[in-house]
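Here the structure is laid out as structure tokens; the discussion comes afterwards.
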Amino acid sequence: MSGVGVAPPLRLALLGSPNCGKTALFNQLTGSRQKVANYAGVTVERKEGTLRSPSGRSYAVLDLPGAYSLNPASLDEAVTRDLCRGFYPGEPAPDVLVCVVDATNLRLHLRFVLEVRQMGRPMVVALNMIDAAQQRGIAIDREVLERELGVPVVETVAVRQHGAQALVERIDALAAHLRPPATMLPESAGADLGPALHAETRRLLAATVDMPARTAKIDDALDRWLLHPVLGLLTLAVVMFLIFQAVYAWATPVMDLIEAGTAALGAWVGERMGEGPLASLMVDGIIAGLGGVIVFLPQILVLFAFILALEESGYLPRAAFLLDRLMAGAGLSGRSFIPLLSSFACAIPGIMATRSIQDPRDRLATILVAPLMTCSARLPVYTLLIGAFIPARQVWGGFNLQGLVLFGLYLAGILSALAVSWVMKKWRRDQGEHPLMLELPSYRVPNPRDLLLGLYERGMIFLRRVGGIIFALTVLLWVLLSFPAPPPDATLPAIDYSFAGRIGHALAVVFAPLGFNWQICIALIPGLAAREVAVSSLATVYALSAADDAAAAQALTPLIQDGWSLATGLSLLVWFIYAPQCIATWAAIKRETGSWKTMAIAAGYLFGLAYLASLLTYQVAVRLGAG
């Protein structure tokens with residue numbers, strides 16, 4: 001045989017403005033054959049997948065960050081521009097550009113198409129959401145638009161099965177006649193021609209689009225209610241309230257099954273391995289620790305499902321618009337809303353999302369308060385403590401009391417973030433206006449396929465954390481709790497003589513005014529690496545410090561219920577509202593700001609708030625008789 005190798009797959013780059021359905025089209029083309037990472041040297045998310053067309057041709061599909069223009073106003077847009085030009089280090093230039101546009105909003109998106117066309121690369125325009133445009137009575141002459149642009153124009157419906165078939169066929173036809181692209185384009189490619197592009201956009205719209213109404217009637221009707229300064233805010237409050245009720249109500253049955261399965265697995269392994277250090281590691285360390293975290297996966301998925309659905313529906317930008325005036329009073333802008341909402345899932349993507357905030361002061365303020373949003377990693381701790389100290393009963397005509405407490409914890413984080421940003425604004429003496437400009441996309445029903453893919457991605461991220469860092473820390477903690485062995489004349493439990501026991505007793509002096517015992521102090525240390533580890537650490541500590549095997553087999557909730565006072569439980573709940581986030585969050589702050597000083601300020605003020613708030617909570621609760 002000759003030494004001829006297999007040609008690498010052609011590279012397709014999907015680009016377009018936010019809310020054009022680009023990611024839905026990416027999911028349609030690649031399905032589950034995709035991976036998520038970051039571009040080298042920056043925190044911009046990178047999605048790449050594989051497409052195999054009916055003709056047998058293979059493509060590497062890249063979902064570029066959303067961009068309104070190739071003259072960048074944000075890091076996302078700069079990465080998109082440089083990738084298209086072939087300037088980005090370590091990334092070959094794409095062979096074909098697929099410019100995705102919202103067929104219901106060509107007035108905004110056509111200008112971007114003209115910018116992309118200036119690059120001179122092979123490209124296809126995907127008229128996405130063409131079904132929604134037709135329902136509105138918007139008539140687009142695709143053939144005339146294709147002739148005027150001089151590039152292929154294809155109609156797609158990304159949320160419908162086979163909705164991208166025509167696009168794949170057109171790409172196949174284009175790929176058959178491709179010549180190798182230039183490695184790089186000149187700096188002038190994609191340069192802003194300003195008025196000329198606006199004039200050309202108006203000409204194309206007049207020649208190819210018949211639009212009886214600029215917005216759909218249903219959008220106008222919904223916006224009259226959802227953007228109302230009073231009714232809109234009430235609706236948003238109700239939506240958020242229902243989310244936190246659902247986190248408890250929907251997830252509890254699945255959590256009960258996981259908890260029962262974990263207990264059964266621990267008992268089964270313990271019976272077969274007998275006594276000894278290895279059995280203790282498996283049962284008390286690995287199974288008790290990891291099982292104590294995995295049980296909260298259903299709640300995390302419920303929270304993610306709501307956030308993804310709100311994003312897909314087009315409601316989130318409206319919530320940002322609605323909250324702009326309120327947030328401006330606290331020194332932020334409506335553009336901070338989406339990064340802060342993302343921080344409910346995890347502060348790291350929330351901090352990364354601040355790149356869309358153009359004003360440097362607003363961006364820094366959002367980064368510093370993002371850790372105050374209650375991330376999903378806190379849910380295991382909140383659920384454990386609420387389950388132990390808050391009775392599971394209905395109040396106020398059917399509302400779940402535990403869900404109300406959870407809602408109150410989230411609300412406390414939000415109000416604290418607004419208060420901190422207000423103080424920052426006064427400290428910096430910034431009285432300037434930062435007007436909000438954003439696109440309000442059309443309302444649409446979330447696509448179940450995209451929701452499931454999003455939940456799968458986030459669920460796997462959580463499980464990888466459980467299988468990676470949390471597993472390693474659980475084993476390390478077991479070692480610290482098990483060694484050294486107690487002396488022959490020991491009168492205390494063995495755990496008191498271990499490395500971790502000594503550390504816990506030393507820290508207890510510092511945290512005694514907060515009502516924390518030495519077991520809690522031990523759990524706080526690995527909790528710096530990942531919030532969820534605090535629960536698995538407590539499970540391991542109490543399993544190893546139990547007086548007998550029967551006590552060790554008990555669930556963690558009744559153990560802390562019997563061993564802690566209500567004042568201690570409330571103090572620890574408040575601690576986790578403010579406590580410094582995981583080390584990965586500190587690293588994200590350092591990467592985004594480029595400042596060790598900013599990172600240290602964030603960690604310092606969060607620790608100070610946590611200590612002061614817990615101290616006040618514990619002392620007040622004790623005086624009220626909750627000790």
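For the numbers below, each heavy atom of this structure counts, side chains included, while hydrogens, waters and symmetry mates do not.
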Does the [X] side chain pair with the main chain of [Y], one donor and one acceptor, at a distance under 3.5 Å?
X: Gln619; Y: Pro513; result: yes
X: Arg502; Y: Tyr497; result: yes
X: Glu312; Y: Leu451; result: no
X: Arg623; Y: Tyr618; result: no
X: Ser421; Y: Ala330; result: yes

Yes or no on side chain to side chain contact (heavy atoms under 4.5 Å, CB included) for Thr568 and Ile520, after CA distance, side-chain angles and deciding distance? CA-CA 10 Å; Thr568 294; Ile520 296 174; 3.8 Å; yes

Give me the atom names and distance for the closest heavy-atom approach of [X] to [Y].
X: Met599; Y: Ile589; result: CA-CG2, 4.0 Å
X: Leu301; Y: Gly459; result: CD2-CA, 4.0 Å
X: Ala305; Y: Leu455; result: N-CD2, 3.6 Å
X: Ser336; Y: Thr366; result: OG-OG1, 2.8 Å
X: Val510; Y: Tyr611; result: O-OH, 2.8 Å
X: Cys521; Y: Gly504; result: CB-O, 3.9 Å

In Å and rounded to the nearest 0.5 Å, what is the [atom1] to [atom2] distance from [X] to [Y]?
X: Leu406; Y: Thr374; atom1: CG; atom2: OG1; result: 8.0 Å
X: Leu384; Y: Leu379; atom1: CG; atom2: CG; result: 12.0 Å
X: Leu340; Y: Leu332; atom1: CG; atom2: CG; result: 6.5 Å
X: Ile351; Y: Arg363; atom1: CD1; atom2: CZ; result: 10.0 Å
X: Leu606; Y: Trp586; atom1: CG; atom2: CH2; result: 9.0 Å
X: Phe576; Y: Cys375; atom1: CZ; atom2: SG; result: 10.0 Å

Apply side-chain hydrogen bond (donor to acceptor under 3.5 Å, both in side chains) to residues Thr23 and Asp63 and explain how you reach the verdict. CA-CA 7 Å; Thr23 298; Asp63 183 11; 3.3 Å; yes

Which residues pass the ring pair (Phe, Tyr, Trp, His ring centres under 6.0 Å) test with Phe499, not counting sequence neighbours?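 Once residues adjacent in sequence are excluded, Phe499 has no partner under the ring pair (Phe, Tyr, Trp, His ring centres under 6.0 Å) criterion.
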
Listed by chain and number, what are the ring pair (Phe, Tyr, Trp, His ring centres under 6.0 Å) partners of Phe516, not counting sequence neighbours?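 Only Phe511, Trp575 meet the ring pair (Phe, Tyr, Trp, His ring centres under 6.0 Å) criterion with Phe516.
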
Worked verdict on Met255 versus Thr383 for side chain to side chain contact (heavy atoms under 4.5 Å, CB included): CA-CA 11 Å; Met255 292 176 67; Thr383 304; 4.0 Å; yes

[X]: which residues meet the side chain to side chain donor-acceptor pair (under 3.5 Å) condition with it, sequence neighbours left out?
X: Gln561; value: none
X: Ser614; value: none
X: Thr235; value: none
X: Ser571; value: none

Check the pair Leu401, Gln394 against side chain to side chain contact (heavy atoms under 4.5 Å, CB included), reporting the backbone distance first and the verdict last. CA-CA 6 Å; Leu401 179 59; Gln394 304 297 311; over 6 Å; no

Check the pair Leu368 / Thr598 against side chain to side chain contact (heavy atoms under 4.5 Å, CB included), numbers first and verdict last. CA-CA 8 Å; Leu368 290 177; Thr598 302; 3.9 Å; yes

List in chain and number order the residues that pass side chain to side chain contact (heavy atoms under 4.5 Å, CB included) with [X], two or more places apart in sequence or in another chain; answer none if no residue qualifies.
X: Leu236; value: Met240, Tyr315, Ala319, Leu323
X: Leu609; value: Val420, Tyr578, Tyr605
X: Ile577; value: Tyr382, Leu409, Ala412
X: Val269; value: Leu265, Met273, Met282, Val283, Ile287

Measure the shortest side-chain to side-chain distance between [X] and [Y] over non-hydrogen atoms and say whether it is less than 4.5 angstrom.
X: Ile560; Y: Leu385; value: yes
X: Pro298; Y: Ile258; value: yes
X: Val302; Y: Phe306; value: yes

